[in-house]
Undergrad: 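Here it is: the structure, laid out below.
Computed from a predicted structure; not experimentally measured. Every chain is numbered from 1, with letters handed out A, B, ... down the list of sequences.
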Amino acid sequence: MPFQDVPAKVDDYAKQEREVLQLWKDTDAFQTLRTLHSGQPKWSFLDGPVTANNPLGVHHGWGRTYKDVFNRFWTMRGRELRYQNGFDCQGLWVEVEVEKELGFRSKRDIETYGLDAFVRKCKERVLRFAAVQTEQSIRLGYWMDWNDPDHLRELATALMENPSQRMTVQGPRGEVTDTAEQLIGRLGMPDLGGSYFTFSNENNYMIWSFLKQCWQRGWLYRGADVMPWCSRCATGISQHEIVTDGYQDLTHTSITLRLPLRGRQRESLLVWTTTPWTLPSNVVAAVGPELTYVKVRQGDEMFYLSKGTLHMLRGAYEVLGEMPGSMLEGWTYDGPFDHLEAARQPGGNGALRDLAQDVSACAAEAHRVVLWDEVSETEGTGIVHVAPGCGAEDFRLGKEHNLPILAPLDEEGYVLAGFGDFSGQHVSALLDGIRQTLTDSGRLYHVEPYTHRYPTCWRCATELVFRLVDEWFISMDELRHAMMEVTKQIRWIPAFGLDRELDWLRNMHDWMISKKRYWGLALPFWECAACGHYEVIGDDQELAARAVAGWEDFEGHTPHRPYIDAVKIACSTCGGQMQRITDVANPWLDAGIVSFSTLGYRTDREAWRDWYPAHWISESFPGQFRNWFYSLLAMGTVLENSPPFKECFGYATLIAEDGRAMHKSWGNAIEFNEAADRMGVDVMRWLYCAHKPENNLPFGYQRADEVRRQFLIPLWNMYSFFVTYANLDGWEPDREGFEPGRPEGPTPHSDNILDTWIVARLNQVTERCTTSLQDSDTHAATLAIAAFLDDLSNWYIRRSRRRYWKSTHDTDKHTAYATLYHVLVKLIKLLAPLTPFVTEVMYQNLVRAMQPGAYDSVHHCDWPEANAVVVNATLLDQMALARQITSLGLGSRGSANIKVRQPLAAALAYVHEGEAAWSETYTAIVCEELNVKSLQFVEQETQLLSYEVLPNNKLLGPRLGATLGRVRAALTHTDAGAVVQQVQSGNPVALSIDGETYELDPDEVLIRTHPAAGLAVATDRGVTVAVETDITPALRTEGLARELVRRIQVMRRDAGFNIADRIVTYGLCEGPLADALLTWSDYLKAETLSTNLVASAPPPEAYSEEHRIDGMTIMLGVQRQAAAASPGV
RNA sequence: GGGCCUGUAGCUCAGCUGGUGAGAGCGCACGCCUGAUAAGCGUGAGGUCGGUAGUUCGACUCUACCCAGGCCCA
């Protein structure tokens, strides 16, 4: 039973990969893998959930490749894994897409549409994209416990038809029957299996428990703050979100205006703002206590501004005097909009100000100059307009000075009552009116466009405004330090991850967890309308026990809006009825809880302990320090005060090949599916793995081509070469003693030095790969493998080719096959986690087809063990030396301009060390490579080169310290030849310096060489090689013979003969060519498989060509022998 | 303003805890090989290792400062 023939070239790697996928599916390969490793020691990987909101991109492919590589590696190393993928399901990002789908423009549209229907649409969208992402992940070769994508779609359809219809599905522990809605709510649980979904009941209730703990420890509070707010989404944007993609360069209209000082005729402060809509909410003006201010005259007016901002003035001015900022403190002024009702209302306007402070003054009364360290001169006038209801820093300053607050905007950005004509207008439309009012009142000084980085909504790109809101927060005061301690117990890769996480933790404010939206975790906060008391409910059972009304409306539903909102509980303080606040939660709570919710923390604490903490997690690090990593840490710290993961592997950002971010609109984006089809995913995976993760990864078709050419095609060529010749010779691997986990068999024995060498290299690389992957370093693993592939292809196989195609069937040939087979099979096991498809194809043919007891898949095999005994350092060094001599010899041939086909009499080599272990075998290899008759080592390198002697700094530095410099000087002035002789005979070298004698041991002296002029030599790292350039007539004849062989071989191919065909060769020529034909006729016949070599013109039926060689002409012909049609070589 | 990362050949990047030759791939030039063949191999040109100062016998490697780019936080 021969191997299946292997095409020399794969036309379509993607097609081949799809066939592998089908094979895995047909043989249920993944389930077999789980069974094989069930009960082994555990390796816990916790997946960071991907937002199931759109198809995957190639950047997801990068992360998923890492995850799959390490999952596969640890599995092969004999570990049991969970293989649970995660989908992130709840939150604004899904709402926004569904809104787009439905053509909605505001929250009101959603309410009109109905919360129940809207929430179902959100769930449906998640399920449909989870199905798409599942298919894409499978295409990538990512082996996980995937749901059947069609099943997810069926659930989505059922949910939309009728969520309460009962369905029965097959789970890993048997059939499960429930309503469509509840089946969806139970996805990822042990009885259903598959990916976890953060919208699951378990995930939501587990977060409730977490929040209850926070509440019990006094960390949970409702507070007022001025926050970035999206008027379109009608929601606050948390610190975590705004920093991601939030800032854009935007041009706004900036206004400089007068604030007339009270009691000072025609004197004004000059203030500048880029947000004119905040001017009606002005309360105070701030100056820098350290800055210097000036009083200037323009016409009959006097202005105050800081000295460093005089450029803000338009037209001529006269400086009247200077003063420190502190001198202005307490001056009062007339506000620009004091005629508005809001400015005259005691304490300011708006309901929420009471949450913030207790003040009775109105804004108009509060107008004065205050000191503020934050004021700078980098922009503006050095006098800052402060509106505590419209800016985060302003708000803090307002609290400090107990100022009234004017909060002008409602949820959707419309101005509230009390602002005159502005009331009812949208914030984005206020500019003209404000400008006109200022012009009319003579307050306007200057107007100018101004470009700055301004925050926008990360979902809908609407410009954010700052708005006074009430939100729910987790206080970081105590948690911060506990989290930092936990963070330090984790290994961060790259190491700077620790610093980044700590930096974030040090700086972050209290964690805003609420959102005034619809699709998300329902915050379990119940509030009493009567007395204002609130309580936190810890799980579904507690809710059931406490419910006094509305339970029947909720029962049977997942804990989402609107049904959860129906449940009322009794107030433990006043006995009144408590209602859930309508807010939903920040989605990072959902992702952060998964080290508890997906591992059975609430239901099976023992099983949870088996898998917690995760050994390894991985995500792209930009962003995740403040998001997923952060929320995991928060939950682990609050619930267990322990690290939820031991090792965090981060990687940078994927960019396009042109060095820019990928953007569809820039035309440099690549879709995942398109990449998979055009590149093949093995290529993608190698490209990902060969990259250093902390650097941004340029991704594109050019790089993919490089990978295919340098990695995949050479690998395939070697495989194809092996199979082609093994089949010709009918070679097959031993079946005796076959072990499915180790299909490569025991290390083969051979007397051939190339065999023992390549086996040594194989085991060296195995060791390196093992170490690297254990250390989460795919980059190092690919480097080691790439170097090995080069050795295998360009040295071992190339040097061994004749052993495979020679016509005798001897032990040497068998050993050659056995060795190459062993190497290839062990190699594909090393490669299997990295490139699972091509290795599977090779395995199916090399192993599965030949061994009845073989596993179905290469991925069921054990990770290869490094056999340290065969890693012979001397052998590796000597072969490296042989390659070096060869390379140098080729270099010197090149400099003499003599092609390799022309034999030369001798190569001369000098090696300054390591020659002792040299053997004739290496000489034979080098001679053949260099096409020389002999290789001679010269004793005295001075024949070829001159010496230079240097101190061995590494040894002498510590010994001599500062005197090393003088020793070096002395050494270079001595007779180098004499020193070399001393050193080579093992004697110390004595140096006299300033009357003192220093003795240097032989190993404390290094010898370096320089090529002497006029010789065709090449030298590198202490090795020198020269070739004799004399070409004798005999050598010339031989060279011609080799030239003829080559031309005949090409003719064989052009004539369409098979490589084993026997032929008759005709040659008509004179002179030296005729000599060559005669003298080397046996050689010619053997090389070209000619049974006969006829010195005459070829007959008409032969394939013939006229050739010119060195100015001579020869008529060559080749003719296939009828008798040679029989098989065999 | 603060934190982190990056800066090595035309391009993309390797260079482990300082040790004496500065490397790979791509591109370029020239050549070779040809029974893995619309593949492969070799050689070469090309770099003051961002800059400055310091530590050291010795710095691409460590330290400080500066410059440029990126990310993050104010």
Undergrad: So which of Arg1042(A), Arg802(A), Arg1052(A) actually passes salt bridge (charged side-chain N to carboxylate O under 4.0 Å, His left out) with Glu1087(A)?
TA: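 Of Arg1042(A), Arg802(A), Arg1052(A), salt bridge (charged side-chain N to carboxylate O under 4.0 Å, His left out) with Glu1087(A) is met by Arg802(A) alone.
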Undergrad: Give Ile797(A) one of three labels, base, sugar-phosphate or nothing, depending on what nucleic acid heavy atoms sit under 4.0 Å from its own.
TA: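 Result for Ile797(A) = base.
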Undergrad: Looking only at the side chain of His779(A) (C-beta and beyond, no hydrogens), which of the listed nucleotides A14(B), C41(B), A39(B) gets closest?
TA: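 Of the options given, the side chain of His779(A) lies nearest A14(B).
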Undergrad: Closest nucleotide of RNA chain B for Arg396(A) versus for Pro714(A): which of these residues is on the 5' side?
TA: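 Final value for this comparison: Pro714(A).
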Undergrad: Any side-chain N or O of Gln710(A) less than 4.0 Å from the OP1 or OP2 oxygen of C26(B)?
TA: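 For C26(B), OP1/OP2 do have a side-chain N/O of Gln710(A) under 4.0 Å.
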Undergrad: Which one is paired to A36(B), where only Watson-Crick or G-U wobble pairs with both distances under 3.5 angstrom count?
TA: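 Pair assignment: A36(B) / none.
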Undergrad: Among C4(B), C41(B), G35(B), which nucleotide sits nearest the side chain of Asp499(A)?
TA: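 Nucleotide nearest to Asp499(A)'s side chain: C4(B).
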Undergrad: Using atom C1' of each nucleotide, how far apart are G35(B) and A22(B) to the nearest Å?
TA: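 Between the two C1' atoms, the distance is 40 Å.
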Undergrad: Under a 3.5 Å limit for both distances, which nucleotide forms a Watson-Crick or G-U wobble pair with U43(B), could you say?
TA: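 Pairing partner: A29(B).
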Undergrad: Rounding to a whole Å, what distance do you find between Phe629(A):CZ and C72(B):P?
TA: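 Rounded to the whole Å, the gap is 15 Å.
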Undergrad: Using a heavy-atom cut-off of 4.0 Å across all strands, would you classify Arg802(A) as base, sugar-phosphate, or nothing?
TA: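 Since no nucleic acid heavy atom lies under 4.0 Å of Arg802(A), the category is nothing.
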Undergrad: Can you tell me, in whole Å, how much space there is between the C1' of G7(B) and that of U61(B)?
TA: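 G7(B) and U61(B) have their C1' atoms separated by 15 Å.
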Undergrad: Please state how far atom OH in Tyr796(A) lies from atom C1' in A36(B), giving the value in whole angstrom units.
TA: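 Rounded to whole Å, this separation is 15 Å.
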Undergrad: Would you tell me if any nitrogen or oxygen in the side chain of Asn717(A) comes within less than 4.0 Å of OP1 or OP2 on A39(B)?
TA: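 For A39(B), OP1/OP2 do not have a side-chain N/O of Asn717(A) under 4.0 Å.
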Undergrad: To the nearest Å, how far apart are Gln624(A) CD and C5(B) P?
TA: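 For the pair Gln624(A) CD and C5(B) P, the rounded distance is 19 Å.
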Undergrad: Any N or O donor-acceptor pair linking the side chain of Arg500(A) to the base of C72(B) at under 3.5 Å?
TA: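 No such pair is found, so the answer is no.
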Undergrad: Take atom CZ of Arg803(A) and atom C1' of A36(B), then tell me their distance rounded to the nearest Å.
TA: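 That distance rounds to 17 Å.
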Undergrad: Quick check for you: among G35(B), C26(B), A14(B), whose closest atom lies nearest to any side-chain atom of Arg709(A)?
TA: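 Minimum distance to the Arg709(A) side chain belongs to C26(B).
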Undergrad: What is the distance, rounded to the nearest whole Å, between atom CG of Asn696(A) and atom P of C71(B)?
TA: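 Answer to the nearest Å: 9 Å.
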Undergrad: Check this for me: does any side-chain nitrogen of one of Arg883(A) and Glu929(A) sit under 4.0 Å from a carboxylate oxygen of the other?
TA: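 No, this pair does not count.
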Undergrad: Can you tell me if Asp777(A) uses its side chain to pair, donor with acceptor, with the backbone of His779(A) under 3.5 Å?
TA: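 Side chain of Asp777(A) to backbone of His779(A), a donor-acceptor pair under 3.5 Å: yes, one is there.
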Undergrad: Choose from C72(B), A14(B), A36(B) the nucleotide whose nearest atom is closest to any side-chain atom of Met718(A).
TA: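 From the listed options, A36(B) comes nearest.
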Undergrad: Using a 4.0 Å heavy-atom cut-off across all strands, classify Ser793(A) as base, sugar-phosphate, or nothing.
TA: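 Base: the residue Ser793(A), judged by heavy atoms under 4.0 Å, touches a nucleobase.
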Undergrad: Roughly how far apart, to the nearest Å, are G18(B) and G27(B) at atom P?
TA: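 Result for the P pair: 37 Å, nearest Å.
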Undergrad: Sort out the partner of A53(B) for me: Watson-Crick or G-U wobble, both distances under 3.5 Å, none otherwise.
TA: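 Check on A53(B): paired to U63(B), both distances under 3.5 Å.
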Undergrad: Using the C1' atom in both, what is the distance from C60(B) to G51(B), to the nearest Å?
TA: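 Rounded to whole Å, the distance is 14 Å.
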Undergrad: Would a distance-only check, ignoring hydrogens and angles, find a side-chain to backbone donor-acceptor pair under 3.5 Å from Tyr719(A) to Pro714(A)?
TA: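 No.
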Undergrad: Test ring pair (Phe, Tyr, Trp, His ring centres under 6.0 Å) on Tyr804(A) and Phe721(A); report intermediate values, then the result.
TA: CA-CA 10 Å; Tyr804(A) 299 96; Phe721(A) 173 87; 5.5 Å; yes
Undergrad: Grab the CH2-P distance between Trp795(A) and G42(B) for me, whole Å please.
TA: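 It works out to 10 Å between those atoms.
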Undergrad: With the side chain of Asn695(A) defined as its heavy atoms from C-beta on, choose the nearest nucleotide among C4(B), A14(B), A36(B).
TA: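 So the nucleotide nearest the side chain must be A14(B).
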Undergrad: Name the residue from Phe496(A), Phe629(A), Trp492(A) that meets the ring-ring contact (aromatic ring centres under 6.0 Å, His included) definition with Phe621(A).
TA: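 Checked Phe496(A), Phe629(A), Trp492(A) against Phe621(A); only one passes ring-ring contact (aromatic ring centres under 6.0 Å, His included): Phe496(A).
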Undergrad: Determine the Euclidean distance between corresponding C1' atoms of G10(B) and C28(B); express it in Å to zero decimal places.
TA: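 Here C28(B) and G10(B) have their C1' atoms 9 Å from each other.
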Undergrad: Given the P atoms of C4(B) and A64(B), what is the spacing between them in whole Å?
TA: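 Rounded to whole Å, the distance is 10 Å.
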Undergrad: For A24(B), which nucleotide is its Watson-Crick or G-U wobble mate, given both distances must be under 3.5 Å?
TA: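 WC or wobble partner is U12(B).
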Undergrad: Say you pick atom C1' in C13(B) and the same atom in C49(B); how far apart are they, in whole Å?
TA: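 Looking at atom C1' only, C13(B) and C49(B) are 13 Å apart.
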Undergrad: Does Pro7(A) offer a backbone N or O that forms a donor-acceptor pair with the side chain of Trp716(A) under 3.5 Å?
TA: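 The answer is yes, because a donor-acceptor pair under 3.5 Å joins these two groups.
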Undergrad: Say we look at G3(B) and C11(B): how far apart would their C1' atoms be, to the nearest angstrom?
TA: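 The answer is 31 Å between these two C1' atoms.
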Undergrad: Who is the Watson-Crick or G-U wobble partner of C4(B), with both distances under 3.5 Å?
TA: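 Across all strands, the one nucleotide that pairs with C4(B) is G70(B).
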Undergrad: Hey, does the side chain of Thr1088(A) reach the backbone of Val1045(A) with a donor-acceptor pair shorter than 3.5 angstrom?
TA: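 A pair under 3.5 Å: no.
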Undergrad: Could you check how far CH2 of Trp716(A) sits from C1' of A36(B), rounded to whole Å?
TA: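 Going from CH2 in Trp716(A) over to C1' in A36(B) covers 13 Å.
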Undergrad: Using whole Å, what does the distance between atom P of nucleotide G25(B) and atom CD of Glu657(A) come to?
TA: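 Atom-to-atom, Glu657(A) to G25(B), this comes out as 19 Å.
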Undergrad: Look at the side-chain N and O atoms of Lys692(A) and state whether any lies under 4.0 Å from the OP1 or OP2 oxygen of C13(B).
TA: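 Checking Lys692(A) against C13(B): no side-chain N or O falls below 4.0 Å of OP1 or OP2.
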Undergrad: Both Gln1049(A) and Glu706(A) contact RNA chain B. Which one's nearest nucleotide lies toward the 5' end?
TA: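 Closer to the 5' end of RNA chain B: Glu706(A).
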